[in-house]
Chemist: 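Before anything else, here's the structure in question.
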Amino acid sequence: MQGPTDTCYIWSTPSSPRMSGGGVTWIDDSPRAGGSYATDFWAQAIDSLDDTAKALLTTWLINQRTQGDPYPRIKGFGLPSQVERLKPLQIGERANRLLTLLAERSGTIGQQVSIALPDDESVNPSQDATIDEVPESVCNLWRAMAWSESTTIGEVIFLVDYLVENGWMKRNGLKQPDSVSVTVEGFAHIEESRVNAGRSQAFVAMWFNDETDDAFDNGIQPAIEQAGYTPMRIDRKEDVNKIDDEIFAEIRNSRFLVADFTQGESGARGGVYWEDGFASGLGLEVIRTCRKDCMDKVAFDIRQYYHIGWETPEELRDALKQRILARVGEGPGVPAS
């Protein structure tokens with residue numbers, strides 16, 4: 001019989017437990033929540049959340065993991081109000097996230113992914129089932145629901161049909177469990193959907209100060225260059241005209257943005273927050289960093305996202321390079337081996 005940590009606290013579906021201690025429980029994997037997470041509240045704390053709110057919370061967890069936090073932590077205090085601030089995904093974004101998930105799970109072009117796509121909502125196994133007893137096709141359905149912010153199986157089927165109609169996915173056979181495969185056109189669509197996919201520049205937003213120059217020169221700049229991209233720090237650009245117009249143009253011309261939220265005694269660097277928001281609005285990948293002694297000073301709306309915490313430029317360089325490669329991929333400046 002499974003213990004209390006064998007069940008997802010959000011969806012009450014089977015999960016893989018890790019451990020509990022100090023008022024925190026780590027869930028190693030909950031397919032319905034899209035992966036792993038940590039929580040410091042009892043299951044009753046989510047009783048006030050309906051399925052739509054749970055789906056928003058699940059999207060938040062997935063976003064945190066994709067930004068590098070393997071165990072994003074759900075804090076029980078103020079949970080309902082925090083969820084209310086989350087915005088639902090648009091239909092097109094939900095379809096693209098589902099396509100991306102299935103492409104990642106397929107591994108290679110043409111490989112089929114087993115997924116339960118029944119005509120009703122009867123695929124949830126007993127609460128007494130362990131995660132090992134749940135068929136992989138059901139786990140994949142749960143993952144699909146998580147990544148596409150769906151609350152019903154019907155929504156997943158609708159999105160799958162939409163992807164099939166556009167030629168980005170094939171649905172193979174009608175017998176259960178069903179299987180799907182991402183087409184060549186589907187993989188191409190994923191790549192084309194990435195903003196500025198062909199660009200080689202990385203814009204750097206940070207505090208321009210002697211205190212952070214070492215972090216840039218020996219941390220951020222070499223990390224970006226070793227990943228195959230060219231860093232753009234606006235105060236080091238020659239022939240800068242109107243600064244705001246230059247920043248607009250250079251962010252638009254970038255593949256991604258690195259935002260370091262380290263600050264001094266004079267307070268937060270408003271430009272970094274603005275540039276982060278502008279890049280996010282464009283759909284660019286934003287990789288956030290902060291010196292560890294300044295982490296608790298980062299504004300709440302930004303602090304909820306994963307940040308690379310660093311103490312030395314070398315630590316920043318190594319962690320940032322790995323994050324760029326994981327989130328963006330190698331740039332054109334990486335020499336062929």
Chemist: Shortest non-hydrogen contact from D51 to W11?
Modeler: O-CH2, 3.6 Å
Chemist: Mind checking whether W168 and H189 have parallel, tilted or perpendicular rings, split at 30° and 60°?
Modeler: parallel
Chemist: Are the side chains of I220 and P231 in touch, meaning some heavy atoms are under 4.5 Å apart?
Modeler: no
Chemist: Apply the test side chain to side chain contact (heavy atoms under 4.5 Å, CB included) to residues Y37 and R65: give CA-CA distance (whole Å), side-chain angles for both, the deciding distance (0.1 Å), then the verdict.
Modeler: CA-CA 9 Å; Y37 64 93; R65 283 189 292 266; 4.3 Å; yes
Chemist: Determine whether more than 12 heavy atoms belonging to other residues, nucleotides or ligands lie under 6.0 Å from atom NZ of K170.
Modeler: no
Chemist: Say whether, by atom type as modelled, one donor and one acceptor occur between the side chain of R255 and the main chain of R199 under 3.5 angstrom.
Modeler: no
Chemist: For R288 versus I302, what's the shortest heavy-atom pair and its separation?
Modeler: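 Taking every non-hydrogen atom into account, CD-CG2, 4.1 Å.
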Chemist: Would I131 and D6 count as a side chain to side chain contact (heavy atoms under 4.5 Å, CB included) here? Give the steps.
Modeler: CA-CA 8 Å; I131 190 65; D6 294 336; over 6 Å; no
Chemist: Is there a side-chain contact between D260 and W207 in this structure, where contact means two heavy atoms from C-beta onward sitting under 4.5 Å apart?
Modeler: no
Chemist: I'd like to check F158 versus S148 (side-chain heavy atoms, cut-off strictly below 4.5 Å). Are they in contact?
Modeler: no
Chemist: Taking L89 as the starting point, is it possible to reach Y162 by hopping between hydrophobic residues whose side chains are less than 4.5 Å apart?
Modeler: no
Chemist: Evaluate the criterion side chain to side chain contact (heavy atoms under 4.5 Å, CB included) for residue pair I115 and V160; output intermediate values, then yes/no.
Modeler: CA-CA 11 Å; I115 181 171; V160 167; 5.5 Å; no
Chemist: Evaluate the side chain to side chain contact (heavy atoms under 4.5 Å, CB included) criterion for residues L98 and E155: first the C-alpha distance (whole Å), next the side-chain angles of each, then the deciding distance (0.1 Å), finally the verdict.
Modeler: CA-CA 11 Å; L98 176 58; E155 291 180 83; over 6 Å; no
Chemist: What closest approach, in Å, do T7 and I27 show between heavy atoms, and which atom pair accounts for it?
Modeler: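 Smallest heavy-atom distance, with atoms named: O-CD1, 4.3 Å.
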Chemist: For the pair D296 and R303, evaluate salt bridge (charged side-chain N to carboxylate O under 4.0 Å, His left out) and give the outcome as yes or no after the intermediate values.
Modeler: CA-CA 8 Å; D296 61 349; R303 193 166 64 243; over 6 Å; no
Chemist: Shared ILVMFWY cluster between V272 and W310, side chains joined below 4.5 angstrom?
Modeler: no
Chemist: Taking M206 as the starting point, is it possible to reach Y229 by hopping between hydrophobic residues whose side chains are less than 4.5 Å apart?
Modeler: yes
Chemist: Ion pair present between K297 and E265, side-chain N to carboxylate O less than 4.0 angstrom?
Modeler: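 Answer for the salt bridge query: no.
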Chemist: Apply side-chain hydrogen bond (donor to acceptor under 3.5 Å, both in side chains) to the pair N218 and R317, showing each step before the final yes or no.
Modeler: CA-CA 7 Å; N218 296 300; R317 179 197 63 211; over 6 Å; no
Chemist: Mind checking what makes salt bridge (Lys or Arg N to Asp or Glu O under 4.0 Å) contact with D28, not counting sequence neighbours?
Modeler: none
Chemist: How long is the straight-line distance from CG of N63 back to CD of Q304, given to the nearest 0.5 Å?
Modeler: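 Result: 10.0 Å between the selected atoms.
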Chemist: To the nearest 0.5 Å, what is the distance between CD on E225 and NZ on K321?
Modeler: 11.5 Å
Chemist: I want to check something: taking the side chain as every heavy atom from C-beta on, are V156 and W147 in contact at a cut-off of under 4.5 Å?
Modeler: no
Chemist: State which residue, out of Q64, K87, E149, E93, fulfils the side-chain hydrogen bond (donor to acceptor under 3.5 Å, both in side chains) condition with T59.
Modeler: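 Exactly one pass, corresponding to E149.
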Chemist: Rounded to the nearest 0.5 Å, what's the gap from CG on L86 to OG1 on T52? Could you check?
Modeler: 12.5 Å
Chemist: Answer with yes or no whether the hydrophobic clustering places L159 together with V138; edges join I, L, V, M, F, W, Y residues whose side-chain heavy atoms lie under 4.5 Å apart.
Modeler: yes
Chemist: What is the distance from atom CD1 of I324 to atom CD1 of I287, rounded to the nearest 0.5 Å?
Modeler: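 Nearest 0.5 Å value for the CD1-CD1 distance: 5.0 Å.
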Chemist: Within a reach of under 6.0 Å around OH of Y273, are more than 12 heavy atoms found that belong to other residues, nucleotides or ligands?
Modeler: yes
Chemist: Do the charged groups of R105 and E136 touch, with an N to O distance under 4.0 Å?
Modeler: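 Yes, charged N to carboxylate O under 4.0 Å.
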Chemist: Cationic tip of R233 within the cone over F216's six-membered ring, i.e. under 6.0 Å and within 45° of the normal?
Modeler: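 Judged by the rule, R233 and F216 form a cation-pi pair.
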Chemist: Quick one, V286 and Y305 - any side-chain contact, counting heavy atoms below 4.5 Å?
Modeler: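 Sidechains of Y305 and V286: no contact.
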Chemist: Verify whether one side chain among D132 and T130 offers a donor that lies under 3.5 Å from an acceptor in the other.
Modeler: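 Result is no, nothing qualifies.
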Chemist: To the nearest 0.5 Å, tell me how far L316 CG sits from E314 CD.
Modeler: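 Answer rounded to 0.5 Å: 9.5 Å.
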Chemist: Count I, L, V, M, F, W, Y as connected when their side-chain heavy atoms are under 4.5 Å apart, and connections chain through other members. Are L141 and M169 then in the same cluster?
Modeler: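 Yes, L141 and M169 fall within the same hydrophobic cluster.
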Chemist: Could you state the interatomic distance from CD1 (I157) to OG1 (T152), rounded to the nearest 0.5 Å?
Modeler: 8.5 Å
Chemist: Can you name the nearest heavy-atom pair linking E185 to G167, along with the distance?
Modeler: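 Answer, listing the atom of E185 first, then G167: CB-O, 3.6 Å.
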Chemist: Write down the atom of D29, the atom of S36, and the distance for their closest heavy-atom approach.
Modeler: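 Distance-wise, the nearest heavy atoms are N-OG, 3.9 Å.
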Chemist: With the side chain counted from C-beta on, respond yes when R32 and I10 share a heavy-atom pair under 4.5 Å apart, and no when they do not.
Modeler: no
Chemist: Do S254 and Q201 have side-chain atoms, one donor and one acceptor, less than 3.5 Å apart?
Modeler: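 A pair is found: one side chain offers a donor N or O, the other an acceptor, under 3.5 Å apart.
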Chemist: Could you report the tightest heavy-atom contact between S181 and Q111, atom names first, then the distance?
Modeler: CB-O, 3.6 Å
Chemist: Is there a side-chain contact between F203 and I247 in this structure, where contact means two heavy atoms from C-beta onward sitting under 4.5 Å apart?
Modeler: yes
Chemist: Just do the salt bridge (charged side-chain N to carboxylate O under 4.0 Å, His left out) check on R291 and E211 with the steps written out, would you?
Modeler: CA-CA 11 Å; R291 199 173 64 203; E211 192 173 333; 3.1 Å; yes
Chemist: Under a 4.5 Å cut-off applied to non-hydrogen side-chain atoms, are I74 and Y9 in contact?
Modeler: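 No, every pair of side-chain atoms sits at 4.5 Å or beyond.
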Chemist: Do any N or O atoms from the side chain of D69 and from the backbone of Y306 form a donor-acceptor pair under 3.5 angstrom?
Modeler: no
